[in-house]
*Asks:* 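I'd like to ask you about the structure that follows.
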Amino acid sequence: MSSQWAFLAMGIPFFTALIMGSVGYAAPRFMRWIGATGITLAVFASIGLWSTVSTDEYVSYFFGGWLPPIGIALEVDRISALMVLMVHGVAALAYIFSLKALPNELPASKHPVYYTLYFLLISGFVALAVTGDVFNVYVLFEVCALSGYALLAMGGKKAYVPTFNYVLMGSLGACFYLIGVGYLFIKTGTLNMAHLADVLPTVFFSRSILTAFILITVGLFVKMALFPFHGWMPNVYTKAPVSTLCLMAPLGTKICVYVLLRVVGYVFSMEYMTNILAVQPIMMTLATLAIVVGTLYVVYHRHLTRIIMFIIVSEIGYMVGGIFLGQMDSVIGAVYHIAADALMTVTLVMVAGVVRHCLGGDAIADVAMMFRRLPTTAIAFVIVCLSVIGVPPMPGFFSKFLLIKGAFMSGYYGFAVALLIASLTAVFLFFRFFEGYFYMKTDNTAPSVIQEPWAYRIPLVVAAIGLVGFGLSFSYWYGFIKLALPLGLA
Amino acid sequence: MIGAMGIYVTRSKPNGPAISSVVAAIALVASVIHLMAYGARDVVDVVSFFPGISVSFFCDPLSLIFAMVASSLWGITVLYSVGYLNGAHEKNQPRFFACVAIALGATMGVAFSANLLTLYIFYEMLSLSTYALVGHHQNDEARVGARKYLIYLFGGSIGLALPAMIAVYALTGTLSFSYAGILPEVTPFPVLVVLMIMFLYGFAKAGLMPFHAWLPGAMVAPTPVSSLLHAVAVVKVGVFSIVRVITGIFGYDLINQVNLSQVIVYIAAFTVIVASLMALYQDSLKRRLAFSTIGQLAYIIMGVGLATPMAFVGGVLHIVMHAFGKITLFFCAGAIYVATKKKYVSQLDGIGRQMPWTMGAFFIGSLSVIGLPPTGGFISKWFMVNGALEAGFPVIFTVYLISSFLNACYFLPIVYRAFFKNPATMDDVAERPLLCVVPPVITAAMSVVLFVGAPFIIRLIQGIYYG
């Protein structure tokens, strides 16, 4: 039974999507219950998977009983289980949030197709986390991307052009990745990750493998919006509906970072990356630049949604840097940060959504007296900001601690400095908002207390508690991730 | 037991009346005395984070002294706040008392931290809770002051102290305080110097120049905040953190071995002199007190940084003495403001005749800060001055003497004005309210009592140095 969790975690949202598509038009009032059931079951499946890997460390599932390299395999270790947990946790929060947010943004006639795509996207994310096959990764990228394009474009006319831009960039990234995989297949005759890891060392010095590495990493960089390939992201996300944003912004880029870790750490191996290719300096430069540039952009924007987008750009830099530092602690920090950042981003996006819907805008000028007017949102915002800044004992502090330590150990001081600058900028940035709602007065016409609807309040409260809990339980996750790390870390 | 105490303190956030603050303060003082009687030295781990790092508390004479000072002064300040806030018609009192309580809880956390990470956590908590206090008035002036406060404190702690802490962890694999020091002796000298400087400036609450500008800026807060937090809790937490780093991370053996004292004392000496000179030119009474605080904090760091038994005793003792002396001065400044709305030194002509008790307390407080008998400040300064000679730093010896002279120059004219000059206008001013007058008198009396009772504290401190 235990290996079934891996399939269930992926299958439940998939079948929910199918049911949604058919039932949604016939009996729209059941739709939200079907979705709620689906997401609840999916969360249970991910918890089941988590508890399984806590004892067994490793779960494999073969579709139809066909063993690889012929059949399709799902391979779940502790890191993928953490990712599954993250995807379903965030999706559940985002789903509850969307119950209230979506009717504000889309006419009811479009809800069935919206939720069909929504659950398809969730199942795509989960599948990316559990797949054990490099070609399937490509297929799943397309599953996510195609449903994602549609969900983003539902933001209305202003969303069309940025979404089209994203279609181009996303296809390009996927294309690069696919060509890279093609090289791997020609050279080794296999697409299974574990099998590839066994075969690859014999051909490490081949130029084709080098080309494959470059194509795959660049493809992934485009997909995850690492600077300088980030151009598509801020525009498309700010124009999208908030409900879509809650799902895409936390997960879309993070899951690509996870795939990068899979491919670089497990398929190519850390040794190939650091010793044979010696690409570490280049990658670290990119990561450092991503952090610095993201931070610089953040300072120039006054709208929360846009600020969040550039925070994502710099956070991607954190994680990529952590992976390529190749230290044990830094990789743990990066993995932990993937999950932590997903939680932080979803909270931030929800806050931005609430502020947009309840106060009419998300600029600093709109948040005056928020402590009085939207107390729950304001407190959740403070908590998540502390985490982004990196104040202990929030999760953001621990990942940053590990990343900086890794940077010190391997001598990339620039990366450490960039992380600190990002923290300091975050202080500056968020306290502009706090000042806004602490010092600015509203005119008397504005209502003094706006009660958030329950669909906004519940996910915010859960996310805030989850953040604190995730930070306090850090030592557990440290040990949990440590056992699944790729080989060859310093 | 100690951990429970820390939690107890942070939980005791009164959501309304000041009475619960008073009760909590008394309970806190009692528990600290209890700890003092049954000095437990074992480390209590609460939550563990990394191998070698957890949130953990312990209790040694240094933490006891600091906790005792902060908690007893908290009680007095709460009494004073009631008088002040009502007298000055301040708004949002529940938030005020809640934030003060959280800040005190964080201070206790710092006092009992057993490792640098725990200390750092509570340090940040203190910055955040006092941010709301500094900006209490919620007007533009408060906003500027609060922003400056935040930029300096977070800039220091995240920009300098955090990387230094991580570097220490990377070098040693632990962050627990130990009087033997945890940094290995083979650490290259430049690394040590850089780390030391990062810690000194990183804990910007200690106000070493040029990281001091937040302190005068933070004087926009209501006076009870200035007095408790900016004469006692906040700034002393900065100094206490530095003392912990010097003694617990570097260790005196290492410091004496590579002569790291030079770095510390010259940085501090610069601050002492410049801050004293700047204090001379301040007309706003609270700002003058703020600059005086900056100078006095640097005294303590200088004393501890000299790394001799005498100077160490003097430095730690000065944490206590200065706390009582300076809080008296702030209380008086607040009492004057409540009674007369006067903020500037130049307005204080003849006020001593109208408010004899307040200005009498002010006189005692300033004696203590200058370092003259019969007040506690004399004893701590005596030890520090002798320590400077003992350590072979004649320059520092001179710095102490010159700055004492400067202290006298900026305090005694105030007293002179108050008692011997004729007031410009004879308006009807009386001492009021009662709760603004009694606390400074109590703390002034305490300064004198400490002159007599100092040997007890000295024995405690010597226990640290030799034990």
Side-chain angles (χ1 to χ4, degrees), chain A residues 327-330 332-333 368-369 371-372 382-383 385-386 389-398 400-411 413 416-417 419-428 430-432 434-441 471-479 482, chain B residues 45-55 92 95 116-125 127-128 131-132 134-171 173 175 191 198 202:
Chain A
Q327 301 278 333
M328 187 186 81
D329 274 352
S330 71
I332 295 179
M369 300 192 61
F371 267 125
R372 291 268 163 78
V382 171
I383 290 177
C385 289
L386 294 183
I389 293 170
V391 176
M394 305 303 288
F397 170 76
F398 295 110
K400 218 167 266 186
F401 191 101
L402 290 180
L403 292 175
I404 295 177
K405 184 178 168 235
F408 277 149
M409 304 276 265
S410 48
Y413 298 106
V417 172
L419 283 172
L420 294 169
I421 292 176
S423 285
L424 288 174
T425 318
V427 173
F428 170 72
F430 287 131
F431 273 85
R432 276 201 321 206
F434 295 164
E435 278 185 356
Y437 58 72
F438 199 57
Y439 294 107
M440 282 191 317
K441 302 275 187 284
L472 287 178
S473 60
F474 173 74
S475 63
Y476 170 76
W477 296 112
Y478 185 87
K482 197 172 168 182
Chain B
D45 290 344
V46 181
V47 193
S48 148
F49 289 125
F50 296 81
I53 301 193
S54 53
V55 171
N92 293 322
R95 184 180 74 202
L116 199 52
L117 183 83
T118 315
L119 190 146
Y120 184 81
I121 292 176
F122 284 105
Y123 183 95
E124 296 289 42
M125 202 166 116
S127 308
L128 290 170
Y131 170 75
V134 173
H136 184 77
H137 289 301
Q138 295 184 311
N139 54 23
D140 282 343
E141 197 192 355
R143 179 184 185 153
V144 172
R147 182 182 283 194
K148 201 181 230 178
Y149 183 76
L150 198 81
I151 289 174
Y152 275 86
L153 293 194
F154 270 109
S157 67
I158 295 178
L160 294 171
L162 178 64
M165 178 167 91
I166 297 173
V168 168
Y169 182 62
L171 281 171
L175 286 174
V191 175
M198 281 168 86

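Letters A, B, ... are given to chains in the order of the sequence lines, protein chains preceding strands, and every chain is numbered from 1.
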*Asks:* Could you tell me whether the side chain of A/Phe401 reaches within less than 4.5 Å of the side chain of B/Leu117, counting heavy atoms only?
*Replies:* yes
*Asks:* Measuring from atom CG of B/Leu150 to atom CZ of A/Phe430, what distance do you get when rounded to the nearest 0.5 angstrom?
*Replies:* 13.0 Å
*Asks:* Enter the distance from A/Asp329:CG to B/Ile166:CD1 here, rounded to the nearest 0.5 Å.
*Replies:* 11.0 Å
*Asks:* Write down the atom of A/Leu424, the atom of B/Gly155, and the distance for their closest heavy-atom approach.
*Replies:* CD2-CA, 3.6 Å
*Asks:* Let me know if B/Leu128 has heavy atoms under 4.5 Å from chain A in its side chain, its backbone, both or neither.
*Replies:* side chain
*Asks:* Of all the heavy-atom pairs spanning B/Ala170 and A/Met409, show the shortest one and how long it is.
*Replies:* CB-SD, 3.9 Å
*Asks:* Taking the inter-plane angle between the rings of A/Phe431 and B/Tyr131 on a 0 to 90° scale, is it parallel (under 30°), tilted (30 to 60°) or perpendicular (over 60°)?
*Replies:* perpendicular
*Asks:* Would you name the heavy atoms of B/Ile158 and A/Ser423 that are closest together and state the gap between them?
*Replies:* CG2-CB, 3.5 Å
*Asks:* Would you compute the distance between atom CZ of A/Phe408 and atom CG of B/Leu171 and round it to the nearest 0.5 angstrom?
*Replies:* 9.5 Å
*Asks:* Heavy-atom distance under 4.5 Å to chain B: side chain of A/Leu419, backbone, both or neither?
*Replies:* neither
*Asks:* Would you say the side chain of B/Phe154 lies within less than 4.5 Å of the side chain of A/Val391, judging by non-hydrogen atoms?
*Replies:* yes
